[in-house]
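Written out below as structure tokens is the structure these notes cover.
Counting starts at 1 for both ligands and their atoms, following the listed order.
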Amino acid sequence: MTKESLPEIKDARTPLGAGVLLAIESSCDETSASVCRDGKILSNHIANQTVHEQYGGVVPELASRAHLQNIVPVVDVALQQAGVGMNEVDAFAFTQAPGLIGSLLVGSQFAKSLALAYNKPLIAVHHMQAHVMANLIPERRPNFPFLCLTVSGGHTQIVVAKSASEMEVIGETLDDAAGEAFDKSAKLLGLPYPGGPLIDKYAKEGNATRFAFAEPQIPELDFSFSGVKTSILYFLQKESAKNPAFVEENLVDLCASIQERIVSILLKKYKLAALQTGITQLCIAGGVSANSGLRKAFQTMCDEAGWEAFIPPFEYCTDNAAMIAITAYHKYLVGDFAPLWSTASARATW
Ligand code: KG4
Ligand code: ZN
């Protein structure tokens, strides 16, 4: 599509009334659609792709093919659950970036086609901003400016959310993301992908102080997880050489100790960020914010410091279209629409 070949859909400054939005998320391996009315989420349907389990990680080509198969039924279910017909939708939103380009293209082309067919505005959403905005879905929500620790499979960031459209990353990982640290550690323990939720599950029965893994010394608000992974690798190699059943016999304590180390790295920097900025409303977001150890330790940290903790419900932590819908709703209110020739992008700046 070129700019010249496409009609102008709507003037960005057209005053808008009550809005029904359909949002699509397809940046990685979850196909999701959500409907919201006036910022209230009416549905949030997610189709997980199990095809990647056998490969130990997301295979981009398989992900985009699965999105193609899922997108129509997922959108249908989201509309049905919301009790909304396609012709009632006032604007169509999609995840523009960052993510796997083939996966992003499926959702973006689908949303653009709907906007064109129904002659309605299109809204492009930044996936990482949407994770932050997931904290505005529940009734109890933070006021701007607030801090957010966004921890997912591809990112680890401390963000100052100044408004729905203005966010600043003040700390981030220099190597692996927190989710990668969980998944790669799980792989070393012989657990299937994605291993993060399994480490969480086994950690509940384990002793978190049994094994001490390396703690990185990184200045300021940035993170590093590659050293932790290496220290786990060398430790397991050494112990397994002495006892081949070491991992099996100590699985729950290993999981608890790994989780404890990752969570302590995250919260040490998050606490520093709160002290440095003086912001006292703190949120967490992204797939790793579903981790029960992180949720508990984060709440305790905030209670002890007298800060307000905001933790999104589980369904809004991992990738989902409701977070795209709530972000789109804030853009819709100010007429921040995307042209039909806007493209998806694997990388994104803030
Ligand atoms: O936000 P997300 O769904 O997708 C990305 O944008 O990356 O995050 C996925 C990541 C994976 O690394 C997964 O293992 C991790 O979140 N994750 C968890 C838990 N649930 C999901 N990690 C630790 N504990 C969990 N309960
Ligand atoms: Zn994500």
Shortest-distance N, O or S atom of His127 relative to the Zn ion (ligand 2): NE2

4.0 Å heavy-atom contact, Pro197 with ligand 1: yes

Polar proximity ligand 1 side, Thr318 side, N/O cut 3.5 Å exclusive: no

Ligand 1 N/O within reach of Glu30 N/O, cut-off under 3.5 Å: no

Polar atom proximity, Asp200 to ligand 1 (N or O, under 3.5 Å): yes

Of the N, O or S atoms in Asp319, the one nearest the Zn ion (ligand 2): OD1

Winner among Gly287, Cys317, Gly196, Gly153 once heavy atoms are compared against atom 20 (N) of ligand 1: Gly287

Test ring pair (Phe, Tyr, Trp, His ring centres under 6.0 Å) applied to Phe314 and Tyr316, step by step: CA-CA 5 Å; Phe314 285 109; Tyr316 305 136; over 10 Å; no

Location of contacts on His131 toward ligand 1, heavy atoms closer than 4.0 Å: side chain

Structural part of His127 in contact with ligand 1, heavy atom criterion under 4.0 angstrom: side chain

Selection from Val288, Asp319, Asn320 by shortest heavy-atom distance to atom 4 (O) of ligand 1: Asp319

Lys268/Glu215 ion pair, N-O < 4.0 Å: yes

Evaluation steps, ring pair (Phe, Tyr, Trp, His ring centres under 6.0 Å), between Phe213 and Phe235: CA-CA 9 Å; Phe213 297 111; Phe235 176 74; 5.6 Å; yes

The Zn ion (ligand 2) to nearest N/O/S of His131 below 2.8 Å: yes

